[in-house]
Structure formats: structure tokens, C-alpha cells
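Each remark here refers to the structure printed beneath this line.
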Amino acid sequence: MTLQKVKGIPVALEGDRAVAEAMRQMNPDVVAAYPITPQTEIVMRFSDFVASGEVETEFIPVESEHASMSACIGASAAGGRVQTASSGAGIALMWEVLWVASGSRLPIVMHVVNRSLSAPLNIHCDHSDSIGMRDAGWVQLYDEDVQEAYDNAIQVVRIAEHPDVLLPTIHALDGFILGHSVERLEKLPDEAVTEFIGTYTPAYPLLDVEHPLSYGPMDLQDYFFEHKRQQAEAMVHALDVVAQVAEEYGDLTGRYHSLIEGYRLDDADFVTVMLGSTVGTAKCAVDLMREQGVKAGLLKIRCFRPFPAAAVAEALADRKAIAVLDRSLSFGAQINPLCLEVIGALYSHGFAPKLINYVYGLGGRDTVPAQICEIYQELVRIDREGVTGSVLRYLAVRD
Amino acid sequence: MKRDPANNISVTGVPSPKSWREIPIGGVITDAGNSEEYHTGGWRSFRPIWDWQKCVNCKVCWIYCPDGSIRIRDGAVAGIDLDYCKGCGICSKECPHDAIKMIEESAAEAEAKVKQ
């Protein structure tokens with residue numbers, strides 16, 4: 001494929017609409033989805049495209065999320081390019097079949113708009129839903145802003161369908177914060193999207209009647225483990241593929257997003273690490289701290305599954321103090337999911353910098369630059385006094 | 001009419017298991033009609049012993065067997081296929097001439113060893 005840098009088309013869209021627009025441009029064979037706040041606008045807008053004939057997609061308005069993922073599995077096994085979208089409790093209802101999608105190696109794409117899990121009932125953003133599915137065998141990217149939600153929505157198709165990967169893939173945008181916020185972005189011309197995603201040639205299409213197949217057979221003590229080992233290997237390959245697709249997309253658009261991205265990181269002594277839209281907030285905090293003479297920097301994790309451990313360890317190895325921010329809470333754990341990965345990456349590469357873990361923003365609790373500045377001040381204190389104190393902390397919860 | 005006095009057809013060797021690098025991904029089965037390669041006889045805890053001298057060849061066992069494990073040769077009952085017989089005992093229960101008795105698999109295996 002030869003691609004040349006194309007001129008983007010500037011538009012102002014909410015995150016959900018940007019994703020729906022990307023879906024229109026990708027024109028998947030099948031979309032099976034059930035609306036749920038804050039993802040509703042994706043499904044609503046996309047069904048407009050179906051009704052007005054702007055896409056050729058077979059749209060299946062299912063009765064639940066368990067049904068939507070099940071329909072996606074059937075359509076993907078049949079050989080189609082398949083997408084869906086969901087949030088929070090919708091993903092929780094998919095739980096059983098998320099594993100069927102990955103275990104059957106079906107490159108389904110799901111656009112996730114992050115929402116907390118009940119109870120108490122809350123429709124706002126945290127990462128409990130997508131982090132909750134971290135072990136389900138799906139590749140996971142996290143979007144920093146609406147532009148990246150659009151860009152990742154297109155890239156995940158290439159990642160999922162890569163012959164060395166063939167794993168279902170999500171990209172996640174923070175509910176309301178990105179999903180319902182209008183931002184300026186540059187979209188690609190339709191034909192550039194068509195060319196970038198290419199055509200999908202399924203490995204084992206059920207509809208190829210010349211080559212009959214069975215999907216989802218019983219697989220007991222003798223071979224189940226071998227199939228799981230294959231999935232683990234596919235995740236290893238996905239690390240290279242995510243980077244390679246990002247490079248290609250960068251060549252096309254001028255926007256390069258890789259596995260991880262640093263902000264004012266090169267000479268930083270004090271580093272925060274996080275996923276999603278809070279990266280934008282934290283960049284502002286980094287600038288404020290730099291004005292005060294504090295060598296602050298941040299590390300954004302774009303790809304959470306597979307976790308780019310070597311790159312993360314290299315990026316964080318010699319810092320004076322690090323804070324990892326988790327927008328989900330693993331009750332009873334010593335530390336939370338992102339921090340667990342970061343510590344694992346550092347330890348396995350022989351590094352043990354001073355490190356703390358903040359849980360923040362649960363249920364959409366607003367996270368502002370001043371709070372992240374306080375985190376940097378705490379990192380400075382830890383370095384000055386040489387005492388880490390409690391590793392697990394909660395940001396902006398009333399005490 | 002020739003009768004096979006042996007109480008089973010064959011217990012063939014299990015094919016050597018393949019590595020994760022050699023098998024299709026996703027548990028997909030890429031060729032049709034291969035369920036016979038899976039020897040469900042391994043599940044059995046009771047083994048049917050067929051007495052050809054009591055058998056009147058009514059084939060009631062053949063009708064009732066849920067796994068098609070009653071082997072017929074030249075139109076007559078010829079034994080029980082232990083590769084696939086799961087030991088449910090339906091044949092033994094239904095036989096009107098008490099020609100099939102169920103014994104514990106471990107006892108049958110011990111007996112087979114003694115004979116060797």
C-alpha cells in the first residue's frame with residue numbers, strides 16, 4: 001500500500017459523533033449494538049447513516065449487550081468486518097461473550113465510551129468497565145482527546161485484523177469528558193480511510209462453504225491450554241502491530257501516536273503516568289509546575305493491552321519519584337491495575353524508583369490541573385524527605 | 001454366521017498431541033467429520049461385557065445405544081466399540097436376554113493385564 005500524506009478536513013464534533021463519523025467512513029459489514037449512556041450517540045448517529053443509505057452496513061438493533069456481542073461474534077465468524085460500541089454496564093453484560101470473541105480469535109472492534117459500574121448508579125466516566133475487561137483477551141487503546149478517538153477508531157481495525165494478531169480490539173474514550181465534548185479535529189477524506197483500512201480477508205470464514213468449519217467446539221484438558229498460549233502469543237505480536245499501524249497512520253496524517261507518549265519527559269525528575277483524557281489535564285499541570293521550576297513530566301499509556309512493559313520501564317527508570325493515576329479501583333488490591341503494570345514493568349527490568357498510586361475521578365469526579373499539581377508537589381516532598389509513605393492514595397475524595 | 005468372540009473391536013492409540021504452534025487458532029476445526037478422532041471411551045467408569053453365547057442377535061442394544069458403539073458385522077452383533085462407549089449401561093439395562101453385564105472399568109483393566 002502506498003500512502004501519501006493527505007490533507008485533513010477540519011470539523012468540530014463530540015467524541016461520540018467523531019467515532020460515528022469514523023464508522024461511517026469505514027462502512028463495516030455488520031454493526032450490532034445496543035444504546036447505553038454515554039455511548040448512545042454513536043449508535044444513534046450510526047443508525048442515521050444506515051437509514052439514509054450512507055453506509056452499506058447490516059445494522060442489527062439487538063435487545064441487549066449480551067446479544068450485541070453475540071451477534072458480532074456470529075457475523076465475524078461468518079467472515080464480516082464487524083463493529084459495536086458500548087459503555088459501563090453494557091460491557092459488564094457482555095462479559096461472558098467478550099471471552100468467546102477473543103478465544104475464537106475474531107477481530108471485532110468495539111468503541112468503548114467509559115462509564116462507571118453501578119451501584120450506586122452513575123453514568124459518568126471512570127475506567128472500571130474497560131479495565132474490568134483487561135484479562136478478557138482484547139487489545140486496548142485509550143484516547144486522549146476527540147482527535148485521538150477518531151484516529152484510534154480507524155487504527156484498531158487494522159490492528160485487530162492483522163494476520164499476526166486476529167484479536168478483538170477496543171479503543172476507549174472517556175464518557176462525557178470526550179464523548180459529549182465538542183472539539184476541533186481533522187478527519188480524513190472518505191477514500192483515505194477506505195484505503196487505509198483496506199479489505200478484510202478473514203482467516204476462517206464460516207460462509208466459505210467449500211471449506212466447512214466448526215467454531216466454538218468443546219476443548220478440554222488436552223488442547224484448551226494450547227489455544228490460550230496462542231492468544232498470549234498474539235498479544236505479543238500486537239505490540240509490534242500497534243506501533244507499526246501507528247507509524248503508518250502517522251505517515252498518512254502527520255499524527256503519530258505510539259504505544260506510549262512522553263510529555264516534557266526527557267529531563268523530568270517527577271513523572272505522572274495515566275490513561276485517557278486526564279493526560280490533557282496533566283499536561284497543563286506539567287506546564288504549571290515547570291513554570292515553578294519543578295522538573296515535571298508525564299507518561300501517557302496509549303496501549304494498555306498488550307502492556308508495553310519494556311518501553312515503560314525505559315521511560316521511567318531513573319526518575320526521582322513517580323505517581324501512577326488509576327481511574328478504577330481494584331478493591332482489596334495493594335495497588336490498582338495501571339500501577340500494577342507499571343511496577344511490574346519496572347521490577348522486571350531491575351528498577352525500583354520511589355512510586356505512589358492515586359485512584360482518581362471515580363464516577364466522573366472532576367480532575368483539575370490544581371489537583372495534579374498537588375501530586376507533583378507530593379512527589380517533590382517524597383524526594384526531598386526520602387520517605388514514600390503510603391503507596392495507595394485517593395485523589396480529591398472528601399476525608 | 002460368524003461371531004466374533006472378542007468383547008471389543010479395537011482400542012486404537014491416541015494420536016500424539018500437537019503443540020500450540022501446529023494447531024489452527026481459536027479452536028476452529030478446519031475439516032469435517034473428525035469427531036471419530038476423539039475417543040470418548042476414555043470417560044467410561046463401567047465397561048459393558050457382552051456374552052455372545054447368551055445373545056440372540058435381536059439388536060435391541062444397537063437400537064438403544066446413544067453413541068453408536070454396538071458394532072454390527074455381517075448383520076449380526078459383533079461386540080462393543082470401547083473407543084466410543086461411555087459406559088452408560090443402557091444396553092445392559094435394555095437387553096432382554098441379560099447378555100450384557102456392566103463391570104467396573106478398573107476391574108476390567110486389571111483382568112486384561114492378568115490375561116496378558
Side-chain angles (χ1 to χ4, degrees), chain A residues 72-74 76-79 82 97-108 136-138 160-168 201-238, chain B residues 8-48 64-71 80-91 102 104-110 112:
Chain A
C72 286
I73 287 166
S76 183
V82 180
V97 271
L98 290 173
W99 296 68
V100 177
S102 59
S104 303
R105 304 296 297 277
L106 300 171
I108 297 162
W138 287 57
E161 292 174 1
H162 193 286
D164 294 343
V165 178
L166 289 174
L167 289 172
T201 308
Y204 297 117
L206 268 178
L207 291 183
D208 177 3
V209 293
E210 299 298 317
H211 301 94
L213 296 164
S214 297
Y215 266 89
M218 179 80 99
D219 193 16
L220 301 178
Q221 296 96 325
D222 50 355
Y223 274 105
F224 183 84
F225 203 169
E226 276 67 28
H227 288 121
K228 295 297 125 181
R229 179 67 186 82
Q230 291 178 328
Q231 279 178 251
E233 191 70 5
M235 274 289 180
V236 173
H237 296 161
Chain B
N8 64 45
I9 300 297
S10 71
V11 180
T12 53
V14 178
S16 65
K18 293 176 177 164
S19 90
W20 63 268
R21 296 171 197 278
E22 300 171 298
I23 54 175
I25 58 168
V28 170
I29 296 174
T30 53
D31 50 352
N34 57 11
S35 60
E36 66 181 345
E37 287 171 25
Y38 186 34
H39 291 171
T40 49
W43 305 6
R44 191 175 53 244
S45 55
F46 284 90
R47 180 184 292 195
Y64 276 93
C65 176
D67 282 305
S69 294
I70 307 296
R71 286 292 182 240
I80 295 162
D81 190 335
L82 294 179
D83 280 354
Y84 304 106
C85 168
K86 295 175 188 146
C88 70
I90 291 174
C91 57
M102 302 300 291
E104 279 205 41
E105 187 65 20
S106 53
E109 280 167 11

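Fair warning: this is a prediction, and the values are worked out from it, not measured in the lab. Order of the sequence lines sets the chain letters (A, B, ...), proteins ahead of strands, with each chain counted from 1. Just so you know, these numbers use all the heavy atoms, side chains as well, and skip hydrogens, waters and symmetry mates.
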Query raised in the report: Crowded around B:Tyr38 OH? As in, over 12 foreign heavy atoms under 6.0 Å?
Result: yes
Report task. Indicate the atoms forming the closest heavy-atom contact of B:Ile25 with A:Leu166, along with that distance. Result -> CD1-CD1, 3.7 Å
Requested in this report: Please round to the nearest 0.5 Å and tell me the distance separating atom OG of A:Ser214 and atom CG of B:Asn34.
Outcome: 7.0 Å
Query raised in the report: Looking only at heavy atoms, what is the nearest atom pair of A:Glu226 and B:Trp20, with distance?
Result: O-CB, 3.3 Å
Query raised in the report: Are side-chain heavy atoms of B:Ile23 and A:His227 found at a separation under 4.5 Å?
Result: yes
Query raised in the report: Would you say the side chain of B:Lys18 lies within less than 4.5 Å of the side chain of A:Tyr223, judging by non-hydrogen atoms?
Result: yes
Query - Partners meeting ring pair (Phe, Tyr, Trp, His ring centres under 6.0 Å) with B:Tyr84 (sequence neighbours left out) - result: B:His39
Query raised in the report: Got a sec, which residues hit side chain to side chain contact (heavy atoms under 4.5 Å, CB included) with A:Ala234, two or more places apart in sequence or on another chain?
Result: A:Arg105, A:Leu167
Query raised in the report: So which of B:Ser19, B:Gly27, B:Ala32 has the biggest tally of heavy-atom pairs under 4.5 Å with chain A?
Result: B:Gly27
Requested in this report: Go through the atoms of A:Glu233 and report whether side chain, backbone, both or neither lie under 4.5 Å from a heavy atom of chain B.
Outcome: side chain
Query raised in the report: Which region of A:Leu106, side chain (C-beta onward) or backbone (N, CA, C, O), has a non-hydrogen atom less than 4.5 Å from a non-hydrogen atom of chain B, or is it both or neither?
Result: neither
Query - Part of A:Leu220 within contact of chain B (heavy atom distance under 4.5 Å) - result: side chain
Report task. Please name the pair of heavy atoms, one in A:Tyr204 and one in B:Pro24, separated by the smallest distance, quoted to 0.1 Å. Result -> OH-CB, 3.6 Å
